[in-house]
Amino acid sequence: MAHFAKLGAGNIVLTVEVVSNDVATTEQAGVDFLNNLYNTRDVWKQTSYNTFKGEHILGGTPFRKNYAGVGYTYDQTRNAFIPPKPYPSWILNEETCLWEAPIALPDTENKYNWNEETKQWDLNE
């Protein structure tokens, strides 16, 4: 199955639809099918269900860095889907197109929450 993200204003993902591989033989064929189905001229971008952090989880070719989700942004320059930024201090990892805290999460079995005010990880008690 092929997955397509419908883009709205600011290239924000509004929804993700599934199209049969028999229909979506190319990205454009999938886009045309969806626009004909809904009688629209929406902007759709294909997304890979098996791509995460710029890697294909089944060993295939990664596609657009991450599987698109509602609220993600399609970045045309990077040709990537990027999730919403969770905190203002977090930094985009250009390799994975995921957001990372400015300091690493402690490598322990404990659970932590990000504290944006102090810019550190607080032990979840």
Side-chain angles (χ1 to χ4, degrees):
M1 301 306 271
H3 296 81
F4 290 83
K6 178 181 173 181
L7 305 181
N11 283 339
I12 303 298
V13 176
L14 302 176
T15 189
V16 178
E17 299 280 343
V18 180
V19 177
S20 169
N21 287 336
D22 294 339
V23 173
T25 55
T26 65
E27 182 172 17
Q28 189 60 53
V31 169
D32 292 344
F33 171 80
L34 289 165
N35 280 328
N36 287 333
L37 177 67
Y38 295 115
N39 196 28
T40 62
R41 300 174 114 205
D42 292 325
V43 176
W44 297 87
K45 291 288 181 183
Q46 192 167 358
T47 184
S48 170
Y49 184 77
N50 294 311
T51 299
F52 179 64
K53 297 197 298 187
E55 297 180 10
H56 194 282
I57 61 174
L58 301 177
T61 303
F63 188 63
R64 296 192 168 133
K65 298 289 185 178
N66 297 293
Y67 177 69
V70 173
Y72 279 46
T73 301
Y74 173 68
D75 184 307
Q76 190 168 359
T77 302
R78 293 178 178 91
N79 192 25
F81 287 104
I82 301 172
K85 189 173 186 177
Y87 298 98
S89 66
W90 285 32
I91 303 155
L92 185 66
N93 178 319
E94 293 288 339
E95 291 283 317
T96 64
C97 284
L98 295 177
W99 299 100
E100 296 178 350
I103 61 170
L105 177 67
D107 188 19
T108 69
E109 291 181 15
N110 297 322
K111 296 189 184 238
Y112 294 86
N113 293 318
W114 179 253
N115 184 326
E116 183 62 16
E117 187 175 312
T118 62
K119 311 282 188 286
Q120 66 183 18
W121 292 101
D122 290 343
L123 186 59
N124 186 6
E125 299 181 84

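- A 4.5 Å side-chain heavy-atom check between N110 and N124 finds every atom pair outside the cut-off.
- The 12-atom threshold is exceeded at NZ of K119, counting heavy atoms of other residues, nucleotides or ligands nearer than 6.0 Å.
- V43 and F81 fall within a single hydrophobic cluster, where Ile, Leu, Val, Met, Phe, Trp and Tyr side chains are chained together by heavy-atom contacts under 4.5 Å.
- In this structure, E17 places its CD atom where more than 12 heavy-atom neighbours from other residues, nucleotides or ligands lie under 6.0 Å away.
- The pair E27-R64 meets the salt-bridge criterion, since a charged nitrogen lies less than 4.0 angstrom from a carboxylate oxygen.
- Linking ILVMFWY side-chain heavy atoms closer than 4.5 Å, directly or via other members, places L105 and Y87 in a single hydrophobic cluster.
- We find the CZ-CG distance between F52 and N66 to be 6.5 Å, quoted to the nearest 0.5 Å.
- Scanning all heavy atoms of the two residues, the minimum distance from E116 to S89 falls at OE1-OG, 2.8 Å.
- A donor-acceptor pair under 3.5 Å is absent between the side-chain atoms of K45 and the main chain of A68, judged by distance alone.
- Here CD1 of I82 is found 10.0 Å from CD1 of I12. Values are rounded to the nearest 0.5 Å.
- Under the 4.5 Å side-chain contact rule for hydrophobic residues, F33 and L14 do not share a cluster.
- E100 and N93 form a side-chain donor-acceptor contact under 3.5 Å, judged by distance and modelled atom types alone.
- Between the OG1 atom in T47 and the CZ atom in F63 there is a gap of 7.5 Å [rounded to 0.5 Å].
- In summary, the side chains of D42 and T40 do present a donor paired with an acceptor at a separation below 3.5 Å, with no hydrogens or angles considered.
- At distances below 3.5 Å, not a single donor-acceptor pair connects side-chain atoms of W121 with backbone N or O atoms of K111.
- Transitive grouping of hydrophobic side chains (ILVMFWY, heavy atoms separated by less than 4.5 Å) brings Y112 and I103 into a common cluster.
- T51 and T61 make their closest contact through OG1-O, 4.5 Å (heavy atoms, listed as atom of the first residue, atom of the second, distance).
- Here the side chain of T73 pairs no donor or acceptor atom with the backbone of D75 at under 3.5 angstrom.
- Counting only N and O atoms by type, the side chains of N50 and Y67 include no donor and acceptor under 3.5 Å apart.
- In this structure, CG in N79 is found 3.5 Å from OH in Y74, a value given to the nearest 0.5 Å.
- Residues D122 and N115 have side chains that bring a donor and an acceptor to within less than 3.5 angstrom of each other.
- Between the side chain of T26 and the backbone N or O of A29 there is at least one donor-acceptor pair closer than 3.5 Å.
- Between the N21 side chain and the A2 main chain, a donor and an acceptor come within less than 3.5 Å of each other.
- Under the 4.5 Å side-chain criterion, counting only non-hydrogen atoms from C-beta, P102 is in contact with W90.
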Determine whether V19 and M1 satisfy the following criterion, side-chain contact (heavy atoms from CB on, under 4.5 Å), listing intermediate values before the conclusion.
CA-CA 6 Å; V19 177; M1 301 306 271; over 6 Å; no

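- Contact check on E95 versus K65 returns no salt bridge, with no Lys/Arg side-chain nitrogen under 4.0 Å from an Asp/Glu carboxylate oxygen.
- Neither side chain, Q46 nor W44, offers a donor N or O lying under 3.5 Å from an acceptor on the other.
- The cluster map of Ile, Leu, Val, Met, Phe, Trp and Tyr, joined by side-chain heavy atoms under 4.5 Å apart, puts Y72 and V70 in different clusters.
- Summarising the geometry, atom CG belonging to D32 is positioned 12.5 Å from atom CG belonging to L37; distances are rounded to the nearest 0.5 Å.
- The side-chain heavy atoms of W99 and P83, taken from C-beta on, include a pair separated by under 4.5 Å.
- To the nearest 0.5 Å, the span separating OH on Y49 from NE2 on H56 amounts to 12.0 Å.
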